[in-house]
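Indexing begins at 1, ligand by ligand and atom by atom, following the structure's order. This is a predicted model, so every value here is computed, not measured.
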Amino acid sequence: MSTTIASSSAEFDRRARRRLPGGVNSNVRLAAPRIYFERGAGARLYDVDGKDYVDHLLGQGPNILGHAPEPVQSYVSSAVRRGMVYAAEHEEELIAAEQVCDILDWPDMVRFGVSGTESVQAAFRLARAFTGRRRIVRFEGHYHGWLDNTLAAFPAEGGCIPASAGQVGDYLEDTVITPWNDLDAVRQRLAADDDIAAIVTEPVMLNAGAIEPCAGYLEGLRGLADEFGVVLIFDEVITGFRVALGGAAQRYGVTPDLAVYGKAVAAGWPVSLLAGRADLMERFGTGEVNHSGTFNASVMAAAAVRSATATLRDTDPYDHIEKHGQQLMEVIRDASNRHRLGLHVQGLGMAFHTSFGPEAPITDYRGVARTDGAKYGRLARFLIEHGVWVAERGVWYVSAAHGDQDLHDAESRIDAAFRAFARSEVA
Ligand SMILES: Cc1ncc(COP(=O)(O)O)c(C=O)c1O
């Protein structure tokens, strides 16, 4: 019997909407087509209707080694046979912490968490305790989690507003919103306000566009943080262990005071880390600053970090990922030209962004806001229908598991998707 497209997915979705609000467990997934996956392996996802997808969303970034990487899955599975949470210390967490500090090279200490959202909060609290100040300089278009003091929309007139009903808008009042890649704007904010505790930045802007820091920008932030005595926090939740083994700090040669890691640090397992200098981090150790969590450094989390970071260190897949991504960007540009789509493609091989407009390279959130997101959303649906799993917001990720066959299949599927899209837009 032949199956109609996503017949089982459609059936599961009907059931899910009764028991899961919107049929999903993260609002980020509300916009995506409801496809139920049976499994992921390497660079592929397989849905319940038997169709495969070349995966360029990678779970929103974590699957840097592809789906179900054997060394990590085996190591974690065997570790958790010894139990999961002890409410006490264990060797695995110590070794993972030592290894991460060795690999990153700059932090003295780390604290485990479960999600990027909460480790960002730990960083803010530490920065406030350290400086005795309150406000945080952050940037238009950057994402630092879904809690009331970080979730924000960025209206054209500047500043930020709550992005959700039920959000306490007052919590955003301690946020000083600033355009990114503009050092003068940061200097102005710091000079005008003596109550700034920290600057927090995605060191490569990957939640809106894929925008690299301009030459000297991160160094400039470092200099301003030192000049005004504020804590520099890199939110490396996406960039950490992705744009280089040592993340953006290594790639761009700039050392923050604190950094938050998540996603790739555990190759798909739910773990975050706050890393930092001893004089800051020790404040957790003295008990002066509270950071708690039942699941912090569970055996699963520690084993996943230990195994994922060792695998990344020992196999060094970064040249391969970068090259594959560059080739894929060319494939997309060629197909866009062939079908006269005028798609704009920019970023790094390991994480890049595609959009309709603008003509020139995008350097800040205002550039991203000028792109045609609705049109790109329609294109993303054609890509998914043709077997390339991508985000509707335009970001593409590449993993160590992507190989020649994946590129080959992606090329023919992208071509078919773009052709069908071009036809549908004129129809
Ligand atoms: C830069 C950045 N910071 C923080 C977060 C929040 O991490 P989590 O979703 O693990 O809470 C994300 C999530 O995408 C992110 O991209």
Side-chain angles (χ1 to χ4, degrees), residues 24-32 57-64 111-125 127 136-154 160 163-164 167 175 177 180 198-213 218 221 232-243 247-249 251-252 256 258-276 291 293 295-296 298 300-301 304-305 308 347-348 350-353 365 368 390-397:
V24 299
N25 276 295
S26 167
N27 273 33
V28 174
R29 297 175 205 154
L30 280 174
L57 183 49
L58 296 174
Q60 300 282 1
N63 298 309
I64 184 86
R111 262 288 171 98
F112 280 73
V114 178
S115 70
T117 295
E118 56 170 284
S119 287
V120 165
Q121 299 299 317
F124 288 177
R125 184 176 285 173
I136 310 280
V137 166
R138 59 170 285 197
F139 299 96
E140 284 180 341
H142 290 208
Y143 178 73
H144 302 294
W146 64 278
L147 296 187
D148 283 16
N149 65 347
T150 49
L151 185 68
F154 304 95
C160 71
S164 169
Q167 189 178 351
T175 301
I177 299 291
W180 200 58
I199 302 169
V200 62
T201 186
E202 290 183 51
V204 182
M205 186 164 155
L206 281 165
N207 270 296
I211 308 174
E212 279 197 89
L218 295 179
L221 288 184
L232 181 62
I233 305 169
F234 280 0
D235 183 342
E236 295 236 33
V237 168
I238 297 181
T239 51
F241 299 90
R242 169 162 289 283
V243 301
R251 186 169 180 127
Y252 299 98
L258 296 173
V260 181
Y261 299 88
K263 301 197 191 257
V265 71
W269 297 80
V271 189
S272 62
L273 293 178
L274 175 61
H291 169 246
F295 294 106
N296 293 356
S298 68
M300 174 272 286
V305 167
L348 308 170
M350 42 273 287
F352 61 88
H353 186 256
Y365 177 68
V368 181
V390 288
E392 307 229 322
R393 66 190 171 89
V395 71
W396 295 62
Y397 293 116

Set of side-chain hydrogen bond (donor to acceptor under 3.5 Å, both in side chains) partners for Ser298, sequence neighbours left out: none
Considering only heavy atoms of Ile238, which atoms of ligand 1 have at least one such atom less than 4.0 Å away? 16 (O)
Exceeds 12 heavy-atom contacts within 6.0 angstrom, atom CZ of Arg125: no
Evaluate the side-chain proximity of Thr150 to Arg138: yes if any heavy-atom separation is below 4.5 Å, no if none is. yes
Pick whichever of Asp235, Val200, Val114 has a heavy atom sitting closest to atom 4 (C) of ligand 1. Asp235
State, yes or no, whether a side-chain contact exists between Asn296 and Glu118 at a heavy-atom distance under 4.5 Å. yes
Atoms of ligand 1 less than 4.0 Å from Glu202 heavy atoms? 1 (C)
side-chain hydrogen bond (donor to acceptor under 3.5 Å, both in side chains) partners of residues 260-270, not counting sequence neighbours, each pair once: Gln73-Trp269
For the residue pair Val237 and Tyr143, establish whether any side-chain heavy-atom pair is separated by less than 4.5 Å. no
Is any N or O atom of His144, backbone or side chain, closer than 3.5 Å to an N or O atom of ligand 1? no
Checking a contact table here: which protein heavy atom is nearest atom 10 (O) of ligand 1, and how many Å away? Gly116 N, 2.9 Å
Would you say Glu118 contacts ligand 1, with heavy atoms under 4.0 Å as the rule? no
Among non-hydrogen protein atoms, atom 11 (O) of ligand 1 lies closest to Thr117 OG1, 2.6 Å
Heavy-atom distances under 4.0 Å are what count here, so tell me which part of Lys263 touches ligand 1: side chain, backbone, both or neither. side chain
At what distance is the nearest protein heavy atom to atom 2 (C) of ligand 1, and which residue and atom is it? Tyr143 O, 3.2 Å
Under a 4.0 angstrom heavy-atom cut-off, which atoms of ligand 1 come close to Asn207? 1 (C), 2 (C), 15 (C), 16 (O)
So which heavy atom on Thr175 is nearest to which on Asn149, and how close? OG1-O, 3.8 Å
